[in-house]
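Quick note: numbers below take in every heavy atom, side chains included, and nothing from hydrogens, waters or symmetry partners. In the text below, chain A, chain B and the rest are named by the order of the sequence lines, each starting its count at 1. These figures come from a predicted structure and were not determined experimentally.
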Amino acid sequence: MILPRLASPNLAFALVALGVLLLLAGSYYGLFVSPQERYMGDVQRIMYVHVPSAWNALLLFTLAMGCALAYLWRGGWGWDAHHEALLEASAVLSFLLCVQGSIWAKPTWGVWWDWDPRLTTTAVMLLALLGILALRSAVDDPEKRATWSAVATIIAFVDVPIVYFSVRWWNSLHQMQSSPETVSAPFIVPLRLNAFGVLALMGGLALLRARVAARRTAKELGPALPPMPAGAALEA
Amino acid sequence: MTDTLRLPTPAPRRSNARRWLAVLAVVVAAAGFGLLTAGGIGENLVYYWGPSDVKKAGDQAIGATIRLGGQVAKGSIRQGGGEGSLLEFSVTDGKAVVPVRSTGVPPQMFREDIGVVVEGTMTKEGVFECRRLMVSHGNEYRAPVDAEAPDMEKLIKSTEGLQQAGD
């Protein structure tokens, strides 16, 4: 388990590199190898970034919730550092998700946005993530920040299954989840490559971001600074 | 690269107060989720009405801004010539049929049998006056059969026409 401790930068950079490679391969396949969709044409290709963004936004929010729960239950700064990092990664993906969705919606549905259950609950998810991050930046005491934001994350997590099931529970403009049965084979390859690409890239970046969070917390806690390597000047 | 960054000290220890907070947060989250799912929000949160619902609502649907959703009935599309012209079609759910009157160029995806959500109101004559036309597509993505390919120029044009008709 990495999350209660800090990952080595080598591992994080390796994940980032793997993510970039997978995304390059998936995007090449999606843009140049996969055929046009029968009715939507080239517009459908935005699915190759939209769907991986959605999956990973929900997955990273779930992992952030796990870190929040673990922090409250067990203590330890590692959980808090990764909680913060995963919240940010999920917020970035949720934002991209909404933008990509809008770009896809305009030429197919005919509108940029509508207050459909899937779109609305996703907007709630993005706002909840931004709200928790705002809470974190507003609290100076590291322990209070960690505790309060962990509680907020656990409660806000309620929205994640609602986002997922919204298209099943209510009638909506957004289509239901696709499955390999509803998607032609040449479309599935870039979807999978990009899904794992986004996961590796954002996962690697989150591991690096957690190191930044840990370093800041160490500074806030005062004199008991962690040992630094000789010559590794941190502060300008 | 030697990694010398360690977690900050002192580490927050296990604390019973924090554990109670964890339990409380999970209980609140579970209760919220339970209320949302079992509390009948499914019936109270309605994004659009089907043709049957609109028919059942009768006079209530007249004058009120509502959304009507369903499939475009086969053979029901009638389009006047020229820009910003009349577009008539029927929306069906297999049981009831509601005639819809709209203006402007619909999105390229608009065709028989595809899902639509129209925003507007019912008129006394029983025709749905559409102010905003949205096309909903299913979760199927298929490679084209044979050499057919969508007309991209037409697709782009369709989004331009919609700006006036929809918003």
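Within the 4.5 angstrom heavy-atom criterion, atoms from both the backbone and the side chain of Tyr71(A) approach chain B. Proximity to chain B (any heavy atom under 4.5 Å) is restricted, for Met47(A), to the side chain, taken from C-beta onward. Proximity to chain B (any heavy atom under 4.5 Å) is shown, for Glu220(A), by neither the backbone nor the side chain. Residue contact with chain A, scored on non-hydrogen atoms closer than 4.5 Å, involves the backbone and the side chain of Val26(B) alike.
In this structure, the separation between CD1 on Ile188(A) and OH on Tyr141(B) is 12.5 Å, given to the nearest 0.5 Å. Here Arg6(B) contributes atom CZ and Arg215(A) contributes atom CZ; the two are 11.5 Å apart, rounded to the nearest 0.5 Å. Going from atom CG of Asn139(B) over to atom OG1 of Thr182(A) covers 4.0 Å, rounded to the nearest 0.5 Å. One finds the CG atom of Leu72(A) at 10.5 Å from the CZ atom of Arg19(B) (value rounded to the nearest 0.5 Å). Atom CG of Leu36(B) sits about 4.5 Å away from atom CD1 of Ile162(A), to the nearest 0.5 Å. Rounded to the nearest 0.5 Å, atoms OG1 (Thr217(A)) and CG (Leu7(B)) are 9.0 Å apart.
In this structure a side-chain-to-backbone donor-acceptor pair under 3.5 Å is present from Trp77(A) to Pro10(B). A donor-acceptor distance shorter than 3.5 angstrom exists from the side chain of Asn171(A) to the backbone of Tyr48(B), with no hydrogens or angles considered.
More than 12 heavy-atom neighbours from other residues, nucleotides or ligands sit within 6.0 angstrom of CD on Glu129(B). Residue-environment remark: CG (Asp113(B)) exceeds the threshold of 12 foreign heavy atoms within 6.0 Å. Heavy atoms of other residues, nucleotides or ligands lying less than 6.0 angstrom from CZ of Arg78(B) number 12 at most.
The minimum heavy-atom distance between Val135(B) and Thr108(A), with the atom names listed, is CB-O, 3.5 Å. Taking each heavy atom of Ala143(B) and Ser184(A) in turn, the nearest pair found is N-OG, 3.1 Å. Counting all heavy atoms, side chain and backbone alike, Ala29(B) lies closest to Ile155(A) at CB-CA, 4.1 Å. Here the closest non-hydrogen pair linking Leu173(A) and Val117(B) is CD1-CG2, 3.9 Å. Looking at every heavy atom in both residues, Arg132(B) comes nearest to Trp113(A) through NH2-O, 2.8 Å. Taking all atoms of both residues into account, the shortest heavy-atom contact from Trp73(A) to Ala22(B) is CE3-CB, 4.1 Å.
For the pair Arg142(B) and Tyr39(A), the cation does not sit on the ring face, since its NZ or CZ is not both under 6.0 Å from the ring centre and inside 45° of the axis.
Between Trp109(A) and Pro107(B) there is no side-chain heavy-atom pair separated by less than 4.5 Å.
Your options are Ser15(B), Gly138(B), Ala30(B), and the one with the most heavy-atom pairs under 4.5 Å with chain A is Gly138(B). Top candidate by heavy-atom pairs under 4.5 Å with chain B, chosen from Gly78(A), Ser179(A), Ala150(A), is Gly78(A). Chain B forms the most heavy-atom pairs under 4.5 Å with one residue out of His174(A), Met176(A), Arg74(A), and that residue is Arg74(A).
The pair Glu140(B)-Arg38(A) does not meet the salt-bridge criterion, since no charged nitrogen lies less than 4.0 angstrom from a carboxylate oxygen.
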Handout entry: Working for side-chain hydrogen bond (donor to acceptor under 3.5 Å, both in side chains), residues Tyr47(B) and Asp114(A)
Key = CA-CA 10 Å; Tyr47(B) 174 63; Asp114(A) 199 54; 2.4 Å; yes
